[in-house]
Engineer: 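I'd like to ask some things about the structure below.
Because the structure is predicted, anything quoted here is derived from the model rather than measured. Below, read A as the first sequence line, B as the second, and so on, with proteins coming before strands; counting in each chain starts at 1.
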Amino acid sequence: MREIPMYEPAKIEKKWQKIWADNKAFAATNDYSKPKYYTLIEFPYPSGQGLHVGHPRPYTALDIVARKKRMQGYNVLHPIGWDAFGLPTENYAIKNHVHPAEVTKKNIDHFRAQLQMLGFSFDYDREVDTTDPNYYKWTQWIFLQMFKRGLAYKSNMPVNWCTGCKCVLANEEVVDGVCERCGSPVVHRQQSQWMLKITAYAQKLLDGLDDVDFIDRVKISQRNWIGRSEGSEVDFQLEGTQDKLRVFTTRVDTLFGATYMVLSPEHPYIEKYKDQIKNYDALMEYRAAAQRKSDFERTEINKDKTGVEIDGLRAINPMTGKSIPIWISDYVLMTYGTGAIMAVPAHDERDWDFAKKFGLPIVEVVSGGKNVQEECYPDVATGTMVNSGFMNGMTVAEAKKAAIEYAIEHGFGERKINYKLRDWVFARQRYWGEPIPIVHCPKCGMVPLDEKDLPLLLPDIKNYEPTETGESPLSKITDWVNCKCPQCGGDAKRETDTMPQWAGSSWYFLRYCDPKNDMALAAKEALQYWMPVDWYNGGMEHTTLHLLYSRFWNQFLYDIGVSPVSEPYKKRTSHGMVLGTDGQKMSKSRGNVINPDEMVDLLGADAFRMYEMFMGAFDQAIPWSTTGAVGCRKFIERVWRLQGILTDDEGLSDDMKASVHATIKKVSEDFDGMKFNTAIAQMMTLVNELVKKGSVTRGEYKALLLLLNPVAPHVTEEIWEMNGFGAPIYTQPWPEYDEAAMVKDEVEIAIQINGKIRGRIMVPANLTREDADTLREHPDVVKAVGDKQIVKFIFVPGRLLNIVVK
RNA sequence: GCGGGCGUGGCGGAAUGGCAGACGCGCCAGACUUAGGAUCUGGUGUCUAACGACGUAAGAGUUCAAGUCUCUUCGUCCGCACCA
């Protein structure tokens, strides 16, 4: 046993981090002739709290992938940056009277130091920062391109108003009726808003999913979010007027059963027919009550339907010609479909509840259910049309076709595809965001800034407080607001809203390809070479927000010839959350937050990284366990101590050959398949075998260190160097395995009688099903069978032998 | 309510339909030690003195064989929210 020095992670980790930095070991090169690999993690929001133990999980996972791909000869782009605009920083700045830019800089420096402490192989030369004017210049540029093509527009819309942030939120940012960021209640409010027409890309965003390798959960969520539904739009004549009331329905077959209609309380016809409506005040009261509620409250009370009948306005069912009443109710949303529905209580649960409550007629048009007066019959798969004139006797499917054809022919309907996806509210009345590069001119209207005048810098101001009126703090800086119209040169005013935090993160993966370019958002050749991202990992919580937004921006940029690919991400995976030791989500209020700095002090970065990967399946939420993490530290020390039993043999010893090759295979495959925990378990098994054997050859040790390097990069480099194994591991090729070397002569298989284990025997490893009959003579088999009758003889090579007996 | 996931020892978790519990934590015993919260060795699902039986939330089914596939139920987590 040789004397070996103590393992001191603090020392060797700093040493290797410096060597990597000094040698730019992980810089992606611009050698476009090499095969490339682009790994991407969601760049962090540099919050004041610094890194928590959740961050390093996906970061370590893709660091492993990046390091392995480099060793396999790829030119790897593994970048990092900062998604630094946003409310928490602004709120902190307001509270502490510091400029958000200063706060941001401090937070970024802290984050970078923490990431470096963990030894991630990021290419720090390609860092991007969304708050850097050289970066947001291009965010603004993309906005202008959208504006010029009508995809960015202003609209007076009911918007979500956060009572805490004094700010408008996207629908997607409202969680359970409260603001996703601050938790304050969200109410509805009418406001003129910048919108991005993501709905124009609904179908493309849907279609694009067919060609990408995203985990199923992500695809399903995005499909549901986009929510395509095929149906029809049908016009109902407003009785006594020239107007028609248009509805969207997926059940046009049930048109004969439409016994009343329901409008959203915000429907414009209520204003339009104000004079004709006798209970206008009651309607207004109902509408006001509905608007005071958030979406959440509006739906909370859904067990008990509410509504008011419009007195003085009725519609004609186009099929029956009958006059039917019109109601308003908050369960009909202005933001989906046409803001009005035809109600078929016999065959729609909500309509049935509503009709029962208000005593409205229920007419069966599809037979096959029970009495529709007692129970709704919404089944579309079975049933025959009744009470439906020319459609009687048809199936539902036939009636759907017949009804819409009839409607088209008679000019009161058309086929229509609807999406749940809504346009993206793209403005914030806040300071810390990208200024929207638009000027309001009394003569020319909304005028885009000239591209050569970008970036439009965020002015330096003292007071960032949101205004009580809901206007941006920028509106108070008159010498910034007042400007000349780029078109006519006359006096004009700047747009004072800023962009939401999602803007900068919607295209950062393109900037990484060429982050310092000031002529374009990135050079064509760079984009051509690096895009698409080969592997993007991020949280499930971003599936319907960031992931969809960034696909939208990239598709737009593809359409205008900027991005070379229509889909930006080839593969998308998602990591599970790291929970507190109590199995609950980590949060300050619960007091179960684990600090990564403390963990690195205790364990070293290598053991910390290893535990993050070993703790459980990568895609599942796992509680943190510090004692479990100590086990990883012990394993690393075990690897370290192998130096004490190192021999001079450069090869593999005969009895280890199969294990070493099997480990190379298992680790290689498991890293690619995100099964980091079982890859590490396999390496632990190998080390256990080596310790048991009592010696390790240089060849065996090298193989182990190469495999372990992506997980524990510092300690493996140190051992490699101490024992003169050659140039640093980061320059070494990934080990290859030899299938032939793994083959053993004999394997143990189980003998089962009627599926129950009755013994184990050794058989030649290459024994095939055809040759297995010889096993009938095997003494152990004969013994196990006894005097019973063999009915069936099933041999699974390398696994087991199952004999069915009577 | 709809959609999706999950349910395996004391704990985290393994397991292309083919020997359930790999690997790690914890625990027990032993060795080496002045000492051990270091290291090494052995053990560790439940019941049983043992042979053996039972065992992957519960119940049924398919199969020579089910943690894995199908159905029902329960629990739990996540997403969505009256979507016409």
Engineer: Tell me what A:K219 touches on the nucleic acid: a base, only sugar-phosphate, or nothing, going by heavy atoms under 4.0 Å.
Structural biologist: nothing

Engineer: Angle between ring planes, A:Y611 versus A:W624, binned at 30° and 60°: parallel, tilted or perpendicular?
Structural biologist: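 A:Y611 and A:W624: perpendicular rings.
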
Engineer: What salt bridge (charged side-chain N to carboxylate O under 4.0 Å, His left out) pairs are there with at least one residue in residues 617-635 of chain A, not counting sequence neighbours?
Structural biologist: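 Every salt bridge (charged side-chain N to carboxylate O under 4.0 Å, His left out) pair that includes a residue of residues 617-635 of chain A, provided the two are not neighbours, is A:R633-A:E637.
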
Engineer: Base, sugar-phosphate, or nothing for A:R758, non-hydrogen atoms under 4.0 angstrom?
Structural biologist: sugar-phosphate

Engineer: Tell me the interatomic distance from A:I594, atom CD1, to B:rG12, atom P, rounded to whole angstroms.
Structural biologist: 16 Å

Engineer: Among all residues two or more places apart in sequence or in another chain, which pass the side-chain contact (heavy atoms from CB on, under 4.5 Å) test with A:M540?
Structural biologist: A:R217, A:V218, A:S221, A:T543, A:S574

Engineer: Side chain of A:W225: nearest nucleotide among B:rC80, B:rA84, B:rA15?
Structural biologist: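 Ranking B:rC80, B:rA84, B:rA15 by closest atom to the A:W225 side chain puts B:rC80 first.
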
Engineer: When rounded to the nearest Å, what value does the distance between P atoms of B:rA15 and B:rU68 take?
Structural biologist: 15 Å

Engineer: A:F248 CZ to B:rC82 C1': how many Å, rounded?
Structural biologist: 16 Å

Engineer: Sequence neighbours left out, what passes ring-ring contact (aromatic ring centres under 6.0 Å, His included) with A:F618? Give chain and number order.
Structural biologist: A:F676

Engineer: Which whole-number value in Å describes the distance from A:D353 CG to B:rA84 C1'?
Structural biologist: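 Checked: the CG to C1' distance equals 14 Å.
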
Engineer: Once you apply a heavy-atom cut-off of 4.0 Å, does A:K666 come out as touching a base, just sugar-phosphate, or nothing?
Structural biologist: nothing

Engineer: Are side-chain N/O atoms of A:H546 and A:E42 paired as donor and acceptor at under 3.5 Å?
Structural biologist: no

Engineer: Look up atom CG in A:L602 and atom CE in A:M599, then write down how far apart they are to the nearest 0.5 Å.
Structural biologist: 6.0 Å

Engineer: Calculate the interatomic distance between A:W624 atom CH2 and B:rC11 atom P; express it in whole Å.
Structural biologist: 21 Å

Engineer: Would you mind reading off the distance between A:Q620 atom CD and B:rU76 atom C1', rounded to a whole angstrom?
Structural biologist: 13 Å

Engineer: Where do N or O atoms of nucleotides 35-39 of chain B meet protein N or O atoms at under 3.5 Å, pair by pair?
Structural biologist:
| unit_1 | atom_1 | unit_2 | atom_2 | d |
| --- | --- | --- | --- | --- |
| B:rU39 | O3' | A:R641 | NH2 | 3.1 |

Engineer: Quick test of your reading: applying salt bridge (charged side-chain N to carboxylate O under 4.0 Å, His left out), list the pairs with at least one residue in residues 250-261 of chain A, sequence neighbours left out, ordered by first then second residue.
Structural biologist: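 For residues 250-261 of chain A: A:R251-A:D253.
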
Engineer: With rounding to whole Å, what would you report as the distance between B:rU41 and B:rU33 at their C1' atoms?
Structural biologist: 15 Å

Engineer: Which of parallel (below 30°), tilted (30 to 60°) and perpendicular (above 60°) describes A:W502 and A:H542?
Structural biologist: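 Geometry flag for A:H542 against A:W502: perpendicular rings.
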
Engineer: Show every side chain to side chain donor-acceptor pair (under 3.5 Å) that has at least one partner inside residues 683-694 of chain A, sequence neighbours left out.
Structural biologist: A:R638-A:N688, A:S653-A:K693, A:S659-A:E689, A:K693-A:E700

Engineer: Could you pick out which residue, A:G337 or A:M577, lies toward the 5' side of RNA chain B when each is mapped onto its nearest nucleotide?
Structural biologist: A:M577

Engineer: Identify all pairs in which a protein N or O lies below 3.5 Å from an N or O of nucleotides 21-23 of chain B, and state each distance.
Structural biologist:
none

Engineer: Among A:L547, A:D213, A:I215, which one satisfies side chain to side chain contact (heavy atoms under 4.5 Å, CB included) with A:R572?
Structural biologist: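 For A:R572, the side chain to side chain contact (heavy atoms under 4.5 Å, CB included) test succeeds with only one of A:L547, A:D213, A:I215, which is A:L547.
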
Engineer: What residues form a side-chain contact (heavy atoms from CB on, under 4.5 Å) with A:A315, not counting sequence neighbours?
Structural biologist: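 Here the qualifying residues are A:F236, A:M261, A:I324, A:I326.
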
Engineer: Regarding A:T249, tell me which of base, sugar-phosphate or nothing describes its non-hydrogen contacts under 4.0 Å with the strands shown.
Structural biologist: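 Since only primed, P, OP1 and OP2 atoms lie under 4.0 Å of A:T249, the category is sugar-phosphate.
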
Engineer: Determine whether any donor atom in the side chain of A:R799 lies under 3.5 Å from an acceptor atom in the base of B:rC19, or the reverse, and answer yes or no.
Structural biologist: no

Engineer: Phosphate oxygens OP1/OP2 of B:rG42: is one of them under 4.0 Å from a side-chain N or O of A:K692?
Structural biologist: yes

Engineer: Could you work out the separation of B:rG43 and B:rC78 based on their C1' atoms and round it to a whole Å?
Structural biologist: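 My reading of the C1' atoms in B:rG43 and B:rC78 gives 40 Å.
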
Engineer: What's touching nucleotides 60-64 of chain B from the protein side, N or O pairs under 3.5 Å?
Structural biologist:
| unit_1 | atom_1 | unit_2 | atom_2 | d |
| --- | --- | --- | --- | --- |
| B:rC64 | OP1 | A:K792 | NZ | 3.2 |
| B:rC64 | O2' | A:N802 | ND2 | 3.3 |
| B:rC64 | O2 | A:N802 | ND2 | 2.7 |

Engineer: Can you sort out the partners of A:F354 under ring-ring contact (aromatic ring centres under 6.0 Å, His included), two or more places apart, ordered by chain and number?
Structural biologist: A:Y260, A:W327, A:Y331, A:F358

Engineer: Please state whether the phosphate of B:rC83, meaning OP1 or OP2, lies under 4.0 angstrom from any side-chain nitrogen or oxygen of A:K416.
Structural biologist: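 No.
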
Engineer: Rounding to an integer number of Å, can you tell me how far A:M610 CE sits from B:rC25 P?
Structural biologist: 12 Å

Engineer: Can you tell me how far C1' in B:rG21 sits from the matching atom in B:rC40, rounded to whole Å?
Structural biologist: 25 Å

Engineer: Expressed in whole Å, how much space separates the C1' atoms belonging to B:rC47 and B:rG9?
Structural biologist: 15 Å

Engineer: Listed by chain and number, what are the side-chain contact (heavy atoms from CB on, under 4.5 Å) partners of A:A397, not counting sequence neighbours?
Structural biologist: A:T395

Engineer: Across the strands shown, which category fits A:G631 at heavy-atom distances under 4.0 angstrom: base, sugar-phosphate, nothing?
Structural biologist: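 Answer is sugar-phosphate: A:G631 comes under 4.0 Å of backbone atoms only.
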
Engineer: Determine: side-chain N/O of A:R223 to OP1/OP2 of B:rG3, distance under 4.0 Å, yes or no.
Structural biologist: no

Engineer: Classify A:A617 by what it touches in the nucleic acid, base, sugar-phosphate, or nothing, heavy-atom distance under 4.0 Å.
Structural biologist: sugar-phosphate

Engineer: Which part of the nucleic acid, if any, lies within contact of A:L800, taking any heavy atom under 4.0 Å across all strands shown: a base, the sugar-phosphate backbone alone, or nothing?
Structural biologist: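 A:L800: base contact, heavy atoms under 4.0 Å.
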
Engineer: Name the pairing partner of B:rU44, where a pair is Watson-Crick or G-U wobble with both distances under 3.5 Å, or state none.
Structural biologist: B:rG26

Engineer: What integer number of Å spans the C1' atoms of B:rU8 and B:rU46?
Structural biologist: 14 Å

Engineer: Can you name the residues that form a side-chain contact (heavy atoms from CB on, under 4.5 Å) with A:A340, not counting sequence neighbours?
Structural biologist: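 Counting only residues at least two positions away or on another chain, A:A340 forms a side-chain contact (heavy atoms from CB on, under 4.5 Å) with A:L245, A:V247, A:L263, A:H267, A:T338.
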
Engineer: Rounded to whole angstrom, note down the P distance from B:rG17 over to B:rA29.
Structural biologist: 42 Å

Engineer: Let me know the distance between OH of A:Y260 and C1' of B:rA84, rounded to the nearest Å.
Structural biologist: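 Atom-to-atom, A:Y260 to B:rA84, this comes out as 11 Å.
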
Engineer: What is the distance, to the nearest angstrom, from the CG atom on A:L579 to the C1' atom on B:rU76?
Structural biologist: 13 Å

Engineer: In whole Å, measure the gap between the C1' atoms of B:rA57 and B:rU44 for me.
Structural biologist: 25 Å

